[in-house]
Amino acid sequence: MILEQLKKIVDSCFKQGVSEGKWSNKAAGKYSIEVPKRDGQGDYSTNMAMVMAGMEKKNPREIATALVELLRADNTMIEKLEIAGPGFVNIFLKKKVWQDVLQQVFIAGNDFGKSTVGNGKRVMVEFVSANPTGPLSIGHGRQAILGDAIARLLEATGYSVYREYYFNDAGRQMRVLGQSTRARYLELLGKDFEFPEDGYQGEYIVDIAKALQKEQGDSLVEEETVVPFTEKAVELIFADISSTLKRMGIIFDNYFNEHTLYDEGHIDSVVQELRDKGLVYQKNGAVWFKTTEFGHEQDRVIIKKTGEPTYRLPDIAYHREKFKRGFDWMIDIFGSDHIATVPDVMAGLKALGYDHEKVTVVLHQFVTLTRNGKQVKMSTRKATFVTVDELLDIVGPDVARFYFMMRKADSQLEFDLDLAMSEEKENPVFYVQYGHARLCSILRKAEELENMIPDLQKVNLALLTEPEEIQLLKRMASFPEVIESAAHDLAPHRALFFLMELAGDWHSYYNKHKVIDPEHVEQVVTDARLCLVKALRQVFKNGLEILGLTAPDRM
RNA sequence: GGUCCUGUAGCUCAGUAGGAUAGAGCACUAGAUUCCUAAUCUAGGUGUCGCGCGUUCGAAUCGCGCCAGGAUCACCA
């Protein structure tokens, strides 16, 4: 907000310069205003003079001087101006500008940091989408948290968000699941059994078999089909998955079953439509989609010679349904192993006449687990993987969520179990949460002393002049921008880093300055600082909440 | 071989539309607590930003070419 105001001032000075013939309009929109890295270089700085220098063939410092003269006319925000380095104009703002941030925080309250830039646009975030063959693995965990955090950020910036989980409980994988379950069931009853070669070896299959035994006794021994086994397995695994998601605080608006696409004829109609457009042909008994028409290296099979579709076809049909359901924007969160499917789906959508740019795919890299400094080997087949549930048992939902959000999607994520389990010093989750708890503690103390939280209108905010206080005010002021940019770039980690930095500023301040200390701190200063504390608590609370983390009052 | 991602301090990683002397946490060392929670703070130092060339006032950031690691290239999903 402060940046926006300053931008207006700078822009109008730029225009004034144009109308006075000091420079041309060429640099419009090319220059920027940013926060300098180092102290002493102002609250903000602009590179306008340097951008212009190249275009106008003039000395940047001359332009900077002219710009400074124009900016000097402002007396609302600007305290001081300096020309530095190769031609930066450093802008120092009045302290009052920062002190007034507290007003904004109090007025906005729980909404501070949120915005309406999304303008109510309907966005679907599809994530997790694991088929019910077993418990959620660590990789799913990352995706679940990443997707949910992106959804939360979009909600915070004014989008209307719909969370969807796409799954398929049919096909070969389900047969194998049923066969595995039957084998375990027979094993439990001491009968002969044959475990499928590529069967699911996890302990959870045994649990499912036990549940079946409890409900059905030995009545399924003579069962010819695999159906009751598959059904039970799917039922229990799905219950397990949704309870894991619930533990992580994730609630989907809808679970979309691939079946729907067949039952309602969407698969057939996609094929028909592509056929009508001449983009489909028969070869070797299979049906091929001419993806080469869309710049791909080779065509792809969409219906096998067995008559079954490959995964591409339902994926395309599913995305078409998303469009038909009227979403303005569709975000898919996938693991990097899905990379090959993306171009095929996009080609399908293009072929069907949809604007594929409304689909954004976020691919995240893998997760590795380390423990005692060594990488934990994970294999689903051998069931040596760590499930999200087990992880939650070990570290709890806040820590799990925090760690999964700590890296940008493009980076591989190393999950250090030792660090995550630590309840002391080095755990960044507690560092941030402790910041909030400390603020609560001070406010409790204020109440105990019947000090009461002072009325903002009566407090003299001009008493907040310590460098650490200005730093905290600045940091708070940037919160809405951070949330907006994190949402825009679908990058929750950036909001998390903000909270860690805010916590750092706050812990330093806490150790250096007293808020409540009748002997050394004047009451009027305490009042002002209590306002600062209250506002800080609000920012911590909002930030933690937007990311789905809890904000404990005490620790 | 094609496509995508990654390569920044001993380790794990930030670095938003190219900006000034490249940052944080961990680890290591030494200190800080009569009083708002020491799950905290303060002070110590490290870098050919994988390599090379180019674009320009200016490159970790953009382009091209290499090198290394990961993912993926089914009539599996």
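Just so we're on the same page: letters track the sequence lines, and every chain starts at 1.
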Among the nucleotides [options], which one has an atom lying closest to any side-chain atom of [X]?
| X | options | value |
| --- | --- | --- |
| A:N511 | B:rU40, B:rU42, B:rA20 | B:rU40 |
| A:Q412 | B:rA39, B:rU40, B:rG70 | B:rG70 |
| A:K37 | B:rG2, B:rA14, B:rG19 | B:rG19 |
| A:M555 | B:rA39, B:rA20, B:rA38 | B:rA39 |
| A:E414 | B:rG23, B:rG19, B:rC13 | B:rC13 |
| A:A84 | B:rA39, B:rU16, B:rA20 | B:rA20 |

What is the distance, to the nearest angstrom, from the [atom1] atom on [X] to the [atom2] atom on [N]?
| X | N | atom1 | atom2 | result |
| --- | --- | --- | --- | --- |
| A:L413 | B:rU6 | CG | C1' | 14 Å |
| A:E34 | B:rG58 | CD | P | 17 Å |
| A:Y403 | B:rC13 | OH | P | 12 Å |
| A:E468 | B:rU42 | CD | C1' | 12 Å |
| A:R38 | B:rA22 | CZ | C1' | 10 Å |

Quiz item: Looking only at atom C1', what distance separates B:rU40 and B:rG25, rounded to whole Å?
Solution: 15 Å
Between B:rG47 and B:rU21, how far is it from one C1' atom to the other, in whole Å? 14 Å
[Y] ring center within less than 6.0 Å of [X] ring center:
| X | Y | value |
| --- | --- | --- |
| A:F238 | A:F167 | yes |
| A:Y44 | A:F92 | no |
| A:Y318 | A:Y166 | yes |

Protein-proximity profile, nucleotides 71-77 of chain B, B/S/- by nucleotide at the 4.0 Å heavy-atom cutoff, equals SSSSBSB
Base, sugar-phosphate, or nothing: which does [X] touch, judged by heavy atoms less than 4.0 Å apart?
| X | result |
| --- | --- |
| A:H520 | nothing |
| A:D410 | sugar-phosphate |
| A:T370 | nothing |
| A:A437 | base |
| A:F497 | sugar-phosphate |
| A:K408 | sugar-phosphate |
| A:H436 | nothing |

The correct list of stems in which RNA chain B takes part (3 or more consecutive Watson-Crick or G-U pairs, distances under 3.5 Å) is B:1-7 with B:67-73, B:10-13 with B:23-26, B:28-32 with B:40-44, B:50-54 with B:62-66
### Query
Is the phosphate of B:rA38, meaning OP1 or OP2, less than 4.0 Å from a side-chain N or O of A:Y510?
yes
| Side chain of A:D505, backbone of A:L472: donor and acceptor closer than 3.5 Å? | no
B:rA71 glycosidic conformation (syn if within 90° of 0, otherwise anti) is anti
*Answer yes or no: does atom CD of A:E466 have more than 12 heavy-atom neighbours from other residues, nucleotides or ligands under 6.0 Å?*
yes
Please state whether the base of B:rA20 and the side chain of A:N90 form at least one donor-acceptor pair under 3.5 Å?
yes
